[in-house]
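The structure presented is a predicted model; accordingly, all values stated were derived computationally and were not measured. No hydrogens, no waters, no symmetry mates; every other heavy atom, side chains included, goes into these values. In what follows, chains carry the letters A, B, and so on, assigned in the order in which the sequence lines appear, proteins first and then strands, with residues in each chain numbered from 1.
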Protein chains: 2
Amino acid sequence: MKHGLSETCHLFFSTLSNPTRLAILELLRDGPKNVTEISESLNQEQSMISHNLKPLERCRFIFSERRKKKRFYALNKETMESLFKTFTYHTQKYCPTKGKCLTVRGLQKQKKKAASGPLYVNRY
Amino acid sequence: MKHGLSETCHLFFSTLSNPTRLAILELLRDGPKNVTEISESLNQEQSMISHNLKPLERCRFIFSERRKKKRFYALNKETMESLFKTFTYHTQKYCPTKGKCLTVRGLQKQKKKAASGPLYVNRY
DNA sequence: CATTCATATGAATAATTATTCAATTGATGT
DNA sequence: ACATCAATTGAATAATTATTCATATGAATG
């Protein structure tokens, strides 16, 4: 399926939907690191890190710069902190059970408890 | 690989990294719709829509409510608009070429053009 | 309570995406 | 130009995720 907006949007989010890449992003919050450092910190093959850095840079979630033999990668803080902020807020509100999202069944129970307010008013 | 934060984070973003689900979310910006309406609007099988609605609801990107025989789905506007805002801002800044992200090669050219400022200062 | 409309589910298959391993490229210092 | 360190690439395989189709459930109404 091809949907106008969805295409770029899909690239954006699919780049974020991978544990390795998320771990890299999380790690880079501490500051720029080169490939070997990332690879060692995350205990992953260096080539795998390289493979995953590429889409991150392509989407500009990270920036890179060569310093002598090493290439350092740095977080795009503005975008990433904004995303993490939204994520954290959302999670705390809707996934209160230790970061695990509720099951749909769980949702429905909770919905009943919450009594019936007006329709489609997202109760934040 | 299992990384603390990354786990929930991965569920969050992977739920968003699918063209069908993004199309659903986009559609629901116009207001609540039932499954058949969504299915018809997007020209997709009803069962596929159902399958995709589930993870969206599980992550609480949408809410649902039964109305007689129909079940209506509504966007979690707070979270989604916040994400779309970040996405749009980021895209306009970094993916100026009609929504297509730049290639890494493209990035490097642009980097050279931009002259060499101080390291790791994300130039917004 | 049988029928119809609306949605959900499960399981098989198809499609996409990740990971690994081997080889290559690139930069630097001698 | 060679040796070394650092990172990237490509292609094969593995793993994950999406889609389809057939069937089941669920709610409302005559």
Do side-chain atoms of [X] reach the backbone of [Y] as a donor and acceptor pair under 3.5 angstrom?
X: A/Ser50; Y: A/Ser47; answer: no
X: A/Ser39; Y: A/Gln44; answer: yes
X: A/Arg21; Y: A/Ile24; answer: no

Is there a side-chain contact between [X] and the phosphate of [N], meaning an N or O under 4.0 Å from OP1 or OP2?
X: B/Arg71; N: C/dA8; answer: yes
X: A/Ser47; N: C/dA22; answer: no
X: B/Arg67; N: C/dA6; answer: no
X: A/Thr20; N: C/dT19; answer: yes

Whole-Å distance between [N] [atom2] and [X] [atom1]?
X: A/Lys33; N: D/dA7; atom1: NZ; atom2: C1'; answer: 18 Å
X: B/Glu45; N: C/dA12; atom1: CD; atom2: P; answer: 18 Å
X: B/Arg66; N: D/dT25; atom1: CZ; atom2: C1'; answer: 10 Å
X: A/Ile24; N: D/dT8; atom1: CD1; atom2: C1'; answer: 14 Å
X: A/Ile49; N: D/dA6; atom1: CD1; atom2: P; answer: 16 Å
X: B/Gln44; N: C/dT7; atom1: CD; atom2: C1'; answer: 17 Å
X: A/Phe72; N: D/dA7; atom1: CZ; atom2: P; answer: 8 Å
X: B/Glu40; N: C/dC5; atom1: CD; atom2: P; answer: 13 Å

Distance alone, cut at 3.5 Å: any donor-acceptor contact between the side chains of B/Tyr89 and A/Glu78?
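Side-chain D/A pair, B/Tyr89 to A/Glu78: present.
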Begin with the C-alpha distance, continue with both residues' side-chain angles, and end with the deciding distance and a verdict on salt bridge (charged side-chain N to carboxylate O under 4.0 Å, His left out) for B/Lys70 and B/Glu37.
CA-CA 10 Å; B/Lys70 297 171 180 173; B/Glu37 285 173 323; over 6 Å; no
Just compare [options] and give me whichever is closest to any side-chain atom of [X].
X: B/Thr36; options: C/dA8, D/dT8, C/dA6; result: C/dA6
X: B/Val35; options: C/dT20, C/dT7, D/dT8; result: C/dT7
X: A/Tyr73; options: D/dA7, D/dT17, D/dT9; result: D/dA7
X: B/Asn18; options: C/dA6, D/dA18, C/dT7; result: D/dA18
X: A/Gln46; options: D/dT9, D/dA7, C/dT7; result: D/dA7

Whichever of A/Asn52 and B/Asn34 has its nearest DNA chain C nucleotide further upstream toward 5'
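Whichever sits nearer the 5' end wins; that is B/Asn34.
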Please classify the nucleic acid contact of A/Lys70 as base, sugar-phosphate, or nothing, using heavy-atom distances under 4.0 Å.
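Contact class for A/Lys70: sugar-phosphate only.
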Using a 4.0 Å heavy-atom cut-off across all strands, classify A/Lys68 as base, sugar-phosphate, or nothing.
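Sugar-phosphate: the residue A/Lys68, judged by heavy atoms under 4.0 Å, touches backbone atoms but no base.
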With a 3.5 Å cut-off and just heavy-atom distances, do the side chain of B/Lys69 and the base of C/dT4 make a donor-acceptor pair?
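Such a pair exists between side chain and base.
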Is the base of D/dT19 stacked against the aromatic ring of B/His51, taking ring centres under 5.5 Å apart and planes under 30° as the test?
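Base of D/dT19: not stacked against B/His51.
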Measure from NZ or CZ of A/Arg29 to the centre of the six-membered ring of A/Phe84, then state whether that distance is under 6.0 Å and the direction lies within 45° of the axis.
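Judged by the rule (NZ or CZ under 6.0 Å from the ring centre, within 45° of its axis), A/Arg29 counts as positioned above A/Phe84.
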